[in-house]
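Along the sequence shown, residues are numbered consecutively beginning with 1. No hydrogens, no waters, no symmetry mates; every other heavy atom, side chains included, goes into these values. Counting convention: from 1, in listed order, for ligands and their atoms alike.
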Amino acid sequence: MIRTLRAHDASLVIEERGALPPVWRWWGPRVATEALPPIGDVRPPASFSLDSDQPLAVVPARGTGWFGPAALDAHRAGRSFAQWFEAVSIDASDDAITVTLVDRAARITVVQRIVRIDGAVVLSASVVNDGDDALDIQWLAAGTLPLPADCTAIHSFTGRHNAEFVSQVEPMPAHGWVRENRRGLTGHAGPPGLFVTGPAAGWHAGRVHGAQLAWSGNHRLTIERDDDGVWILQMGEALAPGEVRLGPGERYDSPEMIAVCSSDGINGVVQGFHAAIRARGPWGSDGAPPRPVHINSWEGFYFDHDEAALMALAERSAALGVERFVLDDGWFKGRNDDTAALGDWTPDPVKYPRGLKPLADHVVGLGMEFGLWVEPEMVNPDSDLARAHPDWALQLAGVPQLTARNQLVLDLGRAEVRDYLFDAIDRLLRELPIAYLKWDHNRDLAPAGGADGRAGYHAQVVGAYALFDRLRSAHPAVEIEACAGGGGRIDAGIAARTHRFWTSDCIDAVSRVRMQRGFLHFMPPETMGSHVGASPAHSTGRRQGMAFRAAVALPGHFGVELDPAAIGVRDGEILSGAIARYKALRARLHRGRVWLGDGPDGLVWQLHGEPGDWLLSVTRTDPTTFRRPPALTLPPLRDAGQVRVRLLDLATEDGHPMPDAPLFAALRGEGVTFDGDWLAEAGLPMPAMKAESVALFALETL
Ligand code: GLA
């Protein structure tokens with residue numbers, strides 16, 4: 001019997017085979033399956049093969065003679081190492097398929113769930129120990145999915161602190177492809193995810209498969225070529241040796257894997273990801289309320305906190321139109337640099353003799369929300385907390401503890417540690433008018449030994465999620481930003497619990513163009529923290545004009561991370577103009593879909609909105625090499641009918657303007673009407689743009 005799950009224009013097709021485990025027939029563009037012959041009828045026998053054929057099972061298992069990647073690697077003290085599953089039930093509806101498999105000899109049950117959310121499917125698996133001795137789990141794939149034999153390339157990302165989202169495109173492997181992370185944290189390469197392109201696929205058209213794992217810890221993504229010429233995609237948690245040992249009746253749950261297939265190119269998958277992240281996120285289908293303009297104290301003040309100076313910053317910020325004031329690192333007891341005090345979450349009595357309340361009240365009195373930085377999972381050895389509980393950090397008995405940024409990681413697998421952190425943060429949230437937490441995590445876990453001497457990576461993620469969940473249910477109105485030295489914890493697991501990501505500690509606007517486009521591959525724009533930083537940028541030393549810096553920040557969740565007193569009058573005017581523009585446009589930037597694209601001559605662009613009402617930003621980082629600007633083709637506008645285009649802004653340095661074509665007077669005024677097909681194929685005339693400039697257009701169908 002054939003079971004099909006439809007997600008927009010994609011189909012997942014599974015064949016039931018009685019007691020034999022179900023097998024994959026297809027994951028790809030939508031197909032009808034009424035006339036599908038059974039798999040046994042379409043696979044010829046192959047030489048040097050087992051007499052019982054082994055097509056790719058939904059939960060492939062070694063014991064059946066499967067030579068590809070197994071969904072489960074488990075054993076009982078070295079025995080029961082290869083499973084032979086029997087299908088005991090398959091529950092299927094239009095929205096979900098649940099497959100339950102049992103290995104009666106090894107006494108193991110595996111459940112594979114596949115649930116549709118809009119255009120995405122969410123896969124997850126559980127394993128239960130039905131035996132009466134311990135079952136060690138080495139690997140449980142969240143999902144095992146087939147990729148067609150004509151796939152062409154894997155698009156993924158690498159990165160480091162200050163350089164997140166470095167794009168990588170690799171041909172499909174002849175053998176295998178692995179992206180494994182053992183840092184105990186998502187990592188600066190961006191979410192554990194990838195895109196696989198089909199023949200001639202690009203941004204806007206062609207078949208693309210994508211998947212991302214909703215997990216903030218160690219992970220493994222693999223693509224292995226099968227002897228049959230197809231590829232097999234798996235994602236799951238990368239477990240350390242001995243990390244998951246199930247006692248009788250115990251269960252291990254994989255993280256969830258969000259998978260999308262689209263015939264509308266990479267953007268089709270991007271849009272499926274955004275819809276799924278939104279549906280799973282804190283606002284659900286209501287969507288985010290208007291994202292308030294931030295000021296963040298970090299790069300303007302670092303650890304140098306002075307109540308009067310920060311009150312003055314709040315006043316200057318409010319005057320600029322800022323709506324949320326975030327007090328970053330440096331506010332708590334003994335925190336004068338990064339060598340001490342993490343863990344001691346009370347205000348520093350020297351910097352804040354009256355506590356934080358006067359500053360917070362002042363911020364609120366100015367009409368802004370007050371936000372506070374915390375780094376709950378961390379402890380400095382030089383802290384009251386570490387002195388009181390030296391055994392609370394993750395460690396390995398008998399070997400030195402490894403610090404990073406002078407800090408250790410608290411063992412969130414322990415209930416007393418979570419309780420301490422809950423109480424400390426809950427007290428702050430009850431005593432102060434805090435609307436927002438910036439929740440940081442400034443190091444990797446190395447090595448993460450729990451109190452029992454066993455690996456504690458998995459327990460750390462589960463414990464952190466429990467702490468997030470408990471604080472959120474106690475303070476549902478408080479928003480949380482996920483930060484880990486910038487973009488070290490950006491993933492769909494934490495996205496279900498938080499409201500914003502700090503994309504990168506690098507606020508250099510040229511670097512941000514690339515990073516933010518990488519971010520938007522997986523996450524929607526309203527969750528993308530994007531700030532206007534100082535010039536020169538602290539992380540790169542590069543200088544960029546204020547207009548360009550602000551225009552690059554505009555499409556995300558906009559903020560300011562500099563001291564407005566340190567910029568000139570003209571830059572202040574440009575910044576307050578950009579804040580006003582952001583407020584006017586944010587509702588349109590942060591709902592609907594995002595399309596990314598490349599133009600000729602080094603241009604990159606993105607379109608936000610829904611058909612009929614789009615905002616288009618076109619960015620040039622390097623100078624043009626062309627005499628005249630070529631038109632920019634916008635494939636998503638095909639079939640849009642008549643489209644009125646207005647040039648809202650050309651963010652560029654003052655002075656020495658480039659001459660415009662006559663059309664631009666009208667484009668800057670009431671607009672010019674084009675045919676959508678013309679814009680899709682022949683293109684939108686572009687203004688001459690200097691290096692480091694952004695053209696912002698509004699496009700509306702008539
Ligand atoms: C991390 C964050 C920064 C800032 C500092 C404070 O690096 O990414 O934004 O909060 O910590 O120590």
Colleague: Is there a donor-acceptor pair closer than 3.5 Å between any side-chain N or O of Q212 and the backbone N or O of M257?
Modeller: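 Not confirmed, Q212 side chain does not pair with M257 backbone.
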
Colleague: Are the ring centres of H219 and Y457 closer than 6.0 Å?
Modeller: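 No - the distance between ring centres of H219 and Y457 does not fall below the 6.0 Å cut-off.
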
Colleague: Between F325 and Y436, does the ring centroid distance fall short of 6.0 Å?
Modeller: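 Between F325 and Y436, the centre distance exceeds or equals 6.0 Å.
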
Colleague: When you look for protein heavy atoms under 4.0 Å from ligand 1, which residues do they belong to?
Modeller: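 For ligand 1, the contacting residues are W298, D328, D329, W373, R405, K438, D440, N442, C483, G485, G486, W502, D505.
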
Colleague: Step through it carefully: locate the ring centre of F501, locate the ring centre of F522, and say whether they are under 6.0 Å apart.
Modeller: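 No, ring centres 6.0 Å or more apart.
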
Colleague: Tell me whether R470 is salt-bridged to D419, with the criterion being a basic N under 4.0 Å from an acidic carboxylate O.
Modeller: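 Salt bridge: yes.
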
Colleague: Does the structure place the NZ or CZ of R497 under 6.0 Å from the centre of the six-membered ring of Y465, at an angle of no more than 45° from the ring's axis?
Modeller: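 Flagged: R497 positioned over aromatic ring of Y465.
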
